[in-house]
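See below for the structure under consideration.
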Amino acid sequence: MNKTSAEFKSKLKTYRLNEGEYDMICGLLKRDPNNIEWALFSALWSEHCSYKSSKVHLKKLFNKSSRVLESFGENAGVVDLGDGERIAFKIESHNHPSYIEPYQGAATGVGGILRDIFTMGARPIALADYLCFGQPSAHRMTSIVDGVVRGIGGYGNCVGVPTITGQTEFDKSYDGNVLCNAMAVGLFRPGEKVFLSKAKGVGNWVVYVGAKTGRDGVHGASMASESFGADSAAKRPTIQIGDPFFEKLLIESCLEVMKQDLVVAIQDMGAAGLTSSSFEMSSKGGVGFKIHLDQVPLRDSSMTPEDVLLSESQERMLLICEPSKFEALSAVFQKWGLDAARIGEVTEKKTVELHWKGEKLTEIDPDLLVENAPQYQRPFKVLPPQNRVARREWTSKRAGGANAAKCLDLCLRDVRGTSRKFIYRQYDSRVGAATARDTSDSVGVVRLKDSGRALGVVLGCRPHIMRLDARIGGLDAIAYPALELALKGFETLAVTDCLNFGNPEKENVMSDFVAALDGMNQVCASLEAPIISGNVSFYNETMGKNITPTPSTGLVGLRDSVENMPESFFTAPDQLVYVLRLPGFMTGGADQESWGTGPQAIGDLEGRVVGDFVRVARRLSQAPGVRATRAIGKFGLAYALARMTMPSDIGAVIDTEGLKMMRPELDETALFEEHLYEAFIAVDASRAVDFEDAFSAVRQASPTAELHRVGRTVQGSLEIGAFLKVDSAQLKESYNSGWSQNFESLA
């Protein structure tokens, strides 16, 4: 093709390929691509499908342990829990769709992540979501928050899978590009088989099942692989439309045919639709496919072959079955009111043939698209520690000099720290009758029905730490949720991640990306908690402005029982209050961003040291007499104490002398600093000696860990030395009213 022609330039723009990639395609094919091949390469070589800017770095992640059964390359990671139980889990992004069309973008994000789970043969048992929104005053933000929350609830509630936990952040960097990351967990009960997407069996049939194909989502994968500009609203037609009731039927029908051993291999039709599922299944299995696109069930008879290949219509799967079993398989789907159409067959020659009404559109080796996408070594710099200051340079006073009580009140009303009840009350967190801890807590917990053990799920990544230092932020995205699990007695087993970053063609973005992965990797290796699934979401950029680098994570943990799990709030008066801490790294934290001083930090962190501390926290949380535990995070010590007074109205009297052991230069500001890492632990007074002995026994595993007794619980108020005394009822009022002050129409 003439590279100077208007037609050539138009094709590059339409299919979101660059001239160098076009040359690679011609080299692989040894000819120019035909029309349908332009579409195929556009989809499978998109950033969203090929990870062409990140693959070289993802290969370095810690991703193996004795528990891991399936990892990257399958629809979801699978972990062995022992006792015959296994789980599949994964987190994925639906950022661009959720900004363009909030309700459907979020809803189909939930639907898509569920399909990744049950296509493995696991029954979905839990959902979680990680959300980042802009400032409440930003353009469209109220309607985006409303739509995203309703979309998550509208799909998850109807499909009958509980949403058990989540995390919601607000910052101006998300004003033009929100994040909507959905996580799902599925359970294999003893004796149930794990299903893979590797096609096999020459002569077996390629079968399309689920809902009919429409035009929604065409070119969705490539749309998700570019930045937003002034025309983002024009991309609305690429957003998929979901139907949770169809999804419920698809779950039950797929699990039924799997149980009856009617399936050889199966794959979700997710990003790039039929293109990705067919070419990936063929490539993994080392076999060929002959597919008749005109046999695909359609909602719109005017659709072209390209539309059929690239549609991202929801609630669809592609599977391989033996011809002799097709009738039985079809009967199951017919019972559930779903299509099951034979659209092709497995062939010996490793090529994918695409046919349309008697015409062969292409015959191509699937590896050319799946295994030969470009891998870019994007420029980056190895970042030194960021935003460090010497102690003498620390800015210790807030702008305006507000007192501690006023500062705490502002934190509780701030959109970053106020109640999320508006969000989680819209989610059904108890459907299925297995939820032991729900969205009102940071750690969601499900009771496993066969063994009675507790499975914990928690999300991580604090954007304000990422803005401080990308490596520490990445480390924290694993360490902080791992600490939250540990404080409830859970051993962290494995991790899934959703790496949300800006434009990878910009050196500063790739520098943050590489630094964040380094921090994550350090803690995962220390905890022996591999990263086994996830995705990368680049090009979270609008009008040249990137989001805060946001590597969100989902961690799963296991403990022997749901019994005797510490609460996250004070449960009774006259208990002793301790702080377990790892000294060495201090930041002004989330509140410091309001001071006008910019982020500041003192010290540094190593993944090995943090991993050791998390293990000590877990063992200590299981000591006799422990009643409540809470990690001290955003807004620091005073805010964490305030949260522990809710919902019980049990407060605490905190002794100044106890605090000075941790904060030698104690002032009002020190109550809001964040030290990575600290946690409150409330203990029955009668078991204080036993508890302190337990710390002495485990401290050798983390020699730098400290334990300080700082006060006791009381009825009805929170008092911190001479700095602060507030009724717990006032704390609750501030916390519960902040949402309506920020989003008046969503109260």
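- The main-chain N or O of N75 is found under 3.5 Å from a side-chain atom of K90 such that the two form a donor-acceptor pair.
- Under the 3.5 Å distance criterion, with hydrogens and angles disregarded, a donor-acceptor pair is assigned to the side chains of E505 and Y539.
- Listed for the D655 side chain is a donor-acceptor partner under 3.5 Å among the backbone atoms of G658.
- Judged by distance alone, with hydrogens and angles left aside, the side-chain atoms of N540 form a donor-acceptor pair with the main-chain N or O of F501 at under 3.5 Å.
- A salt bridge does not link R615 to E491: none of the charged nitrogens lies less than 4.0 Å from a carboxylate oxygen.
- Annotation for D560: atom CG does not count as buried by contact number, only 12 or fewer foreign heavy atoms lying within 6.0 Å.
- In this model, no donor atom of one side chain and acceptor atom of the other lie less than 3.5 Å apart for K488 and S621.
- What you find for A454 and V445 is that their closest heavy atoms are CB-CG1, 3.9 Å.
- Side chains of S561 and N564: no donor on one and acceptor on the other come within 3.5 Å.
- In the displayed structure, M662 atom CE is contacted under 6.0 Å by more than 12 heavy atoms of other residues, nucleotides or ligands.
- Using a 3.5 Å distance cut-off with no hydrogens or angles, the side chains of N181 and N535 do not pair a donor with an acceptor.
- Defined by atom type and a distance below 3.5 Å, a donor-acceptor pair is present between the side-chain atoms of D175 and Q135.
- When only modelled atom types and interatomic distance are considered, K55 and S50 share no side-chain donor-acceptor pair under 3.5 Å.
- For S173 (side chain) and T548 (main-chain N/O), a donor-acceptor pair under 3.5 Å exists by modelled atom type.
- A donor-acceptor contact under 3.5 angstrom links the side chains of E674 and H464, judged on distance only.
- Put simply, NZ on K545 and CG on N503 are 15.5 Å apart, with the number rounded to the nearest 0.5 Å.
- Between the CZ atom of R467 and the OG1 atom of T550 there is a distance of 8.0 Å, given to the nearest 0.5 Å.
- If you look at F672 and F635, their ring centroids are not closer than 6.0 Å.
- To the nearest 0.5 angstrom, Q386 atom CD is 7.5 Å from D512 atom CG.
- Using modelled atom types, one finds a donor on one side chain and an acceptor on the other under 3.5 Å when comparing H675 with R581.
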Step-by-step side-chain contact (heavy atoms from CB on, under 4.5 Å) determination, F380 to H57: CA-CA 11 Å; F380 69 92; H57 302 290; 3.7 Å; yes
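- Donor-acceptor pairing under 3.5 Å is lacking for the side chains of R608 and S526.
- Distance check: D414 CG to L412 CG gives 9.5 Å after rounding to the nearest 0.5 Å.
- Residues N95 and N500 have side chains that bring a donor and an acceptor to within less than 3.5 angstrom of each other.
- Of the charged side-chain nitrogens involved, none lies within less than 4.0 Å of a carboxylate oxygen, so that R699 and E706 do not count as a salt-bridged pair.
- Between atom CD of residue E484 and atom CG of residue L459 there is a gap of 9.5 Å, rounded to the nearest 0.5 Å.
- Cation-pi contact between R462 and Y480: present, with separation from the ring centre below 6.0 Å and deviation from the ring axis of at most 45°.
- In summary, the side chains of R453 and S451 do present a donor paired with an acceptor at a separation below 3.5 Å, with no hydrogens or angles considered.
- Without hydrogens or angle criteria, R471 side chain to L605 main chain gives a donor-acceptor distance under 3.5 Å.
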Please lay out, stage by stage, how Y174 and F133 fare under the test ring-ring contact (aromatic ring centres under 6.0 Å, His included). CA-CA 5 Å; Y174 307 107; F133 298 117; 9.0 Å; no
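- Under 4.0 Å is where a charged nitrogen must lie from a carboxylate oxygen, and between R627 and E567 no such pair does.
- Judged by distance alone, with hydrogens and angles left aside, the side-chain atoms of T496 form a donor-acceptor pair with the main-chain N or O of I91 at under 3.5 Å.
- Using a 4.0 Å cut-off between a side-chain N of Lys or Arg and a carboxylate O of Asp or Glu, R420 and E169 do not qualify as a salt bridge.
- Summarising the geometry, atom CG belonging to D604 is positioned 6.5 Å from atom CZ belonging to F585; distances are rounded to the nearest 0.5 Å.
- A donor-acceptor pair under 3.5 Å links the side-chain atoms of R388 to the main chain of G603, judged by distance alone.
- Nearest heavy atoms, C461 versus M466: SG-CG, 4.0 Å.
- The aromatic rings of Y578 and F691 lie tilted to each other, with the angle between the two planes from 30° to 60°.
- For the pair R559 (side chain) and G456 (backbone), a donor-acceptor distance under 3.5 Å is absent.
- If you check the side chains of S696 and E692, you find no donor sitting under 3.5 Å from an acceptor.
- No hydrogens or angles considered: a donor-acceptor pair under 3.5 Å links the side chains of R378 and S53.
- Side-chain contact between M510 and F538 is present, with at least one heavy-atom pair separated by less than 4.5 Å.
- Side chain of T587 to backbone of Q600: a donor-acceptor contact under 3.5 angstrom is found.
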